[in-house]
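Bear in mind the structure is a predicted one, so any value in this text is a computation, not a measurement.
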Amino acid sequence: MKNSLNNVDRGMNIARVNGINGKLEKFAVFDLYSKDSTDLKTWVKELEDHHLVLISSYDDSASRLDDEARSLLENLGSKKSKSLSFRDNWVFVGGKTLEKPYEGHMANNREVNKYGDWPGAITIEGCVPALSQTKS
């Protein structure tokens, strides 16, 4: 995927969007196969009420995802962050003040995976409303 699109890498790919005006403010990739989740936790703790996060996993985003990082993601609205496992596919749109987060999860199960060691692709659809100007 990275070679053809040059925009993702192994781990958790995250974009921070201003929820008021819709502009991309920051993006990062956290390789949670070969590194711990310290940098991810710092990044998530910097989020403000008006930020939305768009997250997608690629290859593995759970091997070194510790309990604190999982809880931080849960605080953004994730219902699956606590159960993510090796090579699960996961997409998530959330934020501190987003009333209706969007999430898709497909567990890695070699016996039913679409692509051998990897589960099939996930598609989620929905409309994320702009956040109010009064949110800080």
Side-chain angles (χ1 to χ4, degrees):
M1 196 164 173
K2 182 176 181 194
N3 291 335
S4 63
L5 296 178
N6 199 26
N7 65 349
V8 297
D9 208 343
R10 175 177 68 192
M12 198 172 289
N13 296 266
I14 305 181
R16 181 178 82 196
V17 174
N18 182 312
I20 297 168
N21 63 26
K23 292 185 179 179
L24 174 66
E25 293 185 350
K26 188 176 181 180
F27 63 91
V29 178
F30 300 96
D31 180 352
L32 297 168
Y33 181 76
S34 65
K35 298 177 184 173
D36 69 21
S37 52
T38 300
D39 292 341
L40 169 66
K41 292 184 289 190
T42 300
W43 201 92
V44 171
K45 288 176 183 177
E46 292 173 357
L47 294 171
E48 297 177 18
D49 287 350
H50 70 278
H51 288 138
L52 301 174
V53 293
L54 290 74
I55 303 175
S56 67
S57 65
Y58 178 61
D59 189 7
D60 179 38
S61 65
S63 288
R64 292 192 171 87
L65 189 62
D66 66 26
D67 289 341
E68 181 185 4
R70 291 172 188 272
S71 291
L72 288 168
L73 294 167
E74 185 178 52
N75 291 340
L76 298 176
S78 173
K79 297 192 182 317
K80 300 292 184 177
S81 61
K82 295 253 180 165
S83 62
L84 289 177
S85 296
F86 178 69
R87 286 198 173 147
D88 284 0
N89 277 350
W90 180 57
V91 293
F92 174 67
V93 177
K96 291 180 178 182
T97 60
L98 184 64
E99 291 182 23
K100 184 183 176 213
Y102 293 88
E103 189 166 33
H105 174 253
M106 190 171 297
N108 176 24
N109 178 342
R110 189 144 172 59
E111 294 189 19
V112 297
N113 282 347
K114 186 171 184 176
Y115 304 108
D117 288 335
W118 290 272
I122 300 172
T123 301
I124 59 173
E125 294 180 8
C127 182
V128 179
L131 298 177
S132 169
Q133 292 277 354
T134 60
K135 308 268 183 190
S136 56

Taking only residues two or more places apart in sequence, or in another chain, which ones meet A28 in a side chain to side chain contact (heavy atoms under 4.5 Å, CB included)?
F30, W43
Okay, side chain of D60, backbone of R87: is any donor-acceptor separation there less than 3.5 Å?
yes
L76 CG to T97 OG1 distance, which is reported to the nearest 0.5 Å
10.0 Å
Before giving the answer on side chain to side chain contact (heavy atoms under 4.5 Å, CB included), spell out for L52 and L131 the whole-Å C-alpha distance, their side-chain angles and the decisive distance to 0.1 Å.
CA-CA 9 Å; L52 301 174; L131 298 177; 4.0 Å; yes
In this structure, NZ of K96 is separated from CD of E48 (nearest 0.5 Å) by 7.5 Å
Do L40 and L65 come within less than 4.5 Å of each other through their side chains, counting heavy atoms only?
yes
When rounded to the nearest 0.5 Å, the distance separating CH2 of W90 from OG of S81 is 6.0 Å
How many angstroms lie between atom CD of E25 and atom CG of N18, to the nearest 0.5 angstrom?
4.5 Å
Could you check if a side-chain atom of V128 sits within less than 4.5 angstrom of a side-chain atom of V17, using non-hydrogen atoms only?
no
Show your reasoning for whether side chain to side chain contact (heavy atoms under 4.5 Å, CB included) applies to L47 and L72.
CA-CA 11 Å; L47 294 171; L72 288 168; over 6 Å; no
Hey, does V91 have a side-chain heavy atom less than 4.5 Å from the side chain of E103?
no
Decide side chain to side chain contact (heavy atoms under 4.5 Å, CB included) for H105 and L84; before the verdict, give the C-alpha distance in whole Å, the side-chain angles of both, and the deciding distance to 0.1 Å.
CA-CA 8 Å; H105 174 253; L84 289 177; 3.5 Å; yes
Using side chain to side chain contact (heavy atoms under 4.5 Å, CB included) as the criterion, list what pairs up with T42, not counting sequence neighbours.
E46
Test side chain to side chain donor-acceptor pair (under 3.5 Å) applied to N75 - qualifying residues, sequence neighbours left out:
none
Taking salt bridge (charged side-chain N to carboxylate O under 4.0 Å, His left out) as the cut-off, I'd like each qualifying pair that reaches into residues 69-81, sequence neighbours left out, listed once.
E74-K82
Sequence neighbours excluded, every pair satisfying salt bridge (charged side-chain N to carboxylate O under 4.0 Å, His left out) that has a member inside residues 118-132:
none
In terms of hydrophobic clustering (I, L, V, M, F, W, Y; side-chain heavy atoms under 4.5 Å; direct or indirect links), are I122 and F92 co-clustered?
no
Nearest-0.5 Å distance, CE of residue M12 to CG of residue L32:
5.5 Å
Rounded at 0.5 Å granularity, tell me how far CZ in F86 sits from OG in S61.
11.0 Å
Tell me, please, which residues at least two apart from D66 pass side chain to side chain contact (heavy atoms under 4.5 Å, CB included).
S37, K41, E68, A69
Mind checking whether K26 and I14 have side chains closer than 4.5 Å, heavy atoms only?
no
hydrophobic_cluster_shared for I55 and V93, side chain cutoff 4.5 Å:
no
